[in-house]
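Just so it is clear: chains get the letters A, B, ... in the order the sequence lines come, proteins before strands, and each one is counted from 1.
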Protein chains: 2
Amino acid sequence: MGAETAALAAIASPRRREILRLAWQQERPAGEIHRAMGDLTFGAVSQHLRALHDAGLLELRAVGRHRLYRARREAFGPVGELLERMWDDALWRLKQQAELLERRRGPQPRRLARRRKGTT
Amino acid sequence: MGAETAALAAIASPRRREILRLAWQQERPAGEIHRAMGDLTFGAVSQHLRALHDAGLLELRAVGRHRLYRARREAFGPVGELLERMWDDALWRLKQQAELLERRRGPQPRRLARRRKGTT
DNA sequence: CAATCATTTTAGTTTTAACTAAAGTGATGA
DNA sequence: TCATCACTTTAGTTAAAACTAAAATGATTG
């Protein structure tokens, strides 16, 4: 998967978007990202970090017992600009927040909403 | 899910991107989209169309026994601009084509590549 | 060296996206 | 009205994403 296609896949996930936002401008230790992410376990966060790193979207630097992550912005191409536009847009932020809260029950969403039996 | 968030989810999928590209500028009957989509069954295409329609990303008009789909471009916001940039970019097109072919075996990819046992 | 801290990895569960095959629907035309 | 066309829907399968809990790793500190 090319890095830019990986970027498209990554930004489809609210959790991944959140991680990328946190690590977009500065390096952040995994623990700090975890603390900022709400009710996820550390393990889950670590798995997201690994996936993003494997996809070439995060870079990693070890300092003592900390591991510092930062977005590899150059890997995102035009997708990076989209993210920045989203994050700068107050309306968008509100909507995201609403959706995050709304889904604080049940596991996590993967993709689009899909057909349910009697939805027609 | 807001339409724009749905748009993010939609463009993560190569099939959905392809459908959106086909229905971006003009209405297209489902059958034409199917024919343009390669080796998928009609049923599978119909399911994608339904998902995109449910998400507010496609509009639908019935004419005789045909069903004409067209992208609701206004629902995409900045994501629409990204799509247009991608489709105008010859390099992107090549990469996409390569990835489509590459995966003409096995079912379909969902997201990011993820940890495999001995990948470290 | 032992304890601790920061983090990663593994194993196992649940949910669901994407698909196929086949049955179902509704408009059209002979 | 019966067959056909253009689709949609259903049922069932497969593969994988997201998560939790717990074990493992590796650096640091006493």
Please state how far atom [atom1] in [X] lies from atom [atom2] in [N], giving the value in whole angstrom units.
X	N	atom1	atom2	answer
R35(B)	dC5(D)	CZ	P	13 Å
I33(A)	dT8(C)	CD1	P	9 Å
L52(A)	dT8(C)	CG	C1'	15 Å
L49(A)	dT9(C)	CG	P	11 Å
M37(A)	dA6(C)	CE	C1'	17 Å
L68(B)	dA6(D)	CG	P	13 Å
R50(A)	dT10(C)	CZ	P	8 Å
R17(A)	dA17(D)	CZ	P	18 Å

Between the protein and nucleotides 20-28 of chain D, which nitrogen or oxygen pairs come in under 3.5 angstrom?
from	atom 1	to	atom 2	distance (Å)
dT20(D)	OP2	T41(A)	N	3.2
dT20(D)	OP2	T41(A)	OG1	2.9
dT20(D)	O4	Q47(A)	NE2	3.1

Phosphate oxygens OP1/OP2 of [N]: is one of them under 4.0 Å from a side-chain N or O of [X]?
X	N	result
R15(A)	dA18(D)	no
R67(A)	dT8(C)	yes
Y69(B)	dT8(D)	yes
R16(A)	dA17(D)	no
H53(B)	dT8(D)	no

query = What are the residues of residues 19-30 of chain B, sorted by number, that bring a heavy atom to within less than 4.0 Å of DNA chain D?
reply = P29(B), A30(B)
ask   = Can you check whether L22(A)'s main-chain N or O pairs, donor with acceptor, with R28(A)'s side chain at less than 3.5 Å?
value = yes
ask   = Quick one: does R17(A)'s side chain have a donor or acceptor within less than 3.5 Å of a partner on I11(A)'s backbone?
value = yes
request  = Measure from the side-chain heavy atoms of H66(A) and tell me the nearest of dT9(C), dC7(D), dT7(C).
outcome  = dT7(C)
key: CE-CD distance between M86(B) and E4(A), expressed to the nearest 0.5 angstrom   = 9.0 Å
inquiry  = Regarding D54(B) and R50(B), does a basic nitrogen lie under 4.0 Å from an acidic carboxylate oxygen?
reply    = yes
inquiry  = Taking E81(A) first and then R85(B), would you say they form a salt bridge - that is, a charged N and a carboxylate O separated by under 4.0 Å?
reply    = yes
task = Take E84(A) and R21(A) through the side chain to side chain contact (heavy atoms under 4.5 Å, CB included) test and state the conclusion after the steps.
result = CA-CA 9 Å; E84(A) 290 178 354; R21(A) 195 177 62 78; over 6 Å; no
task = Please lay out, stage by stage, how E59(A) and Y69(A) fare under the test side chain to side chain contact (heavy atoms under 4.5 Å, CB included).
result = CA-CA 6 Å; E59(A) 62 186 16; Y69(A) 288 90; over 6 Å; no
ask   = Taking only residues two or more places apart in sequence or in another chain, which ones pass side chain to side chain donor-acceptor pair (under 3.5 Å) with R35(A)?
value = none
message = Are the side chains of R16(B) and H48(B) in contact, using a 4.5 Å heavy-atom criterion?
response = yes
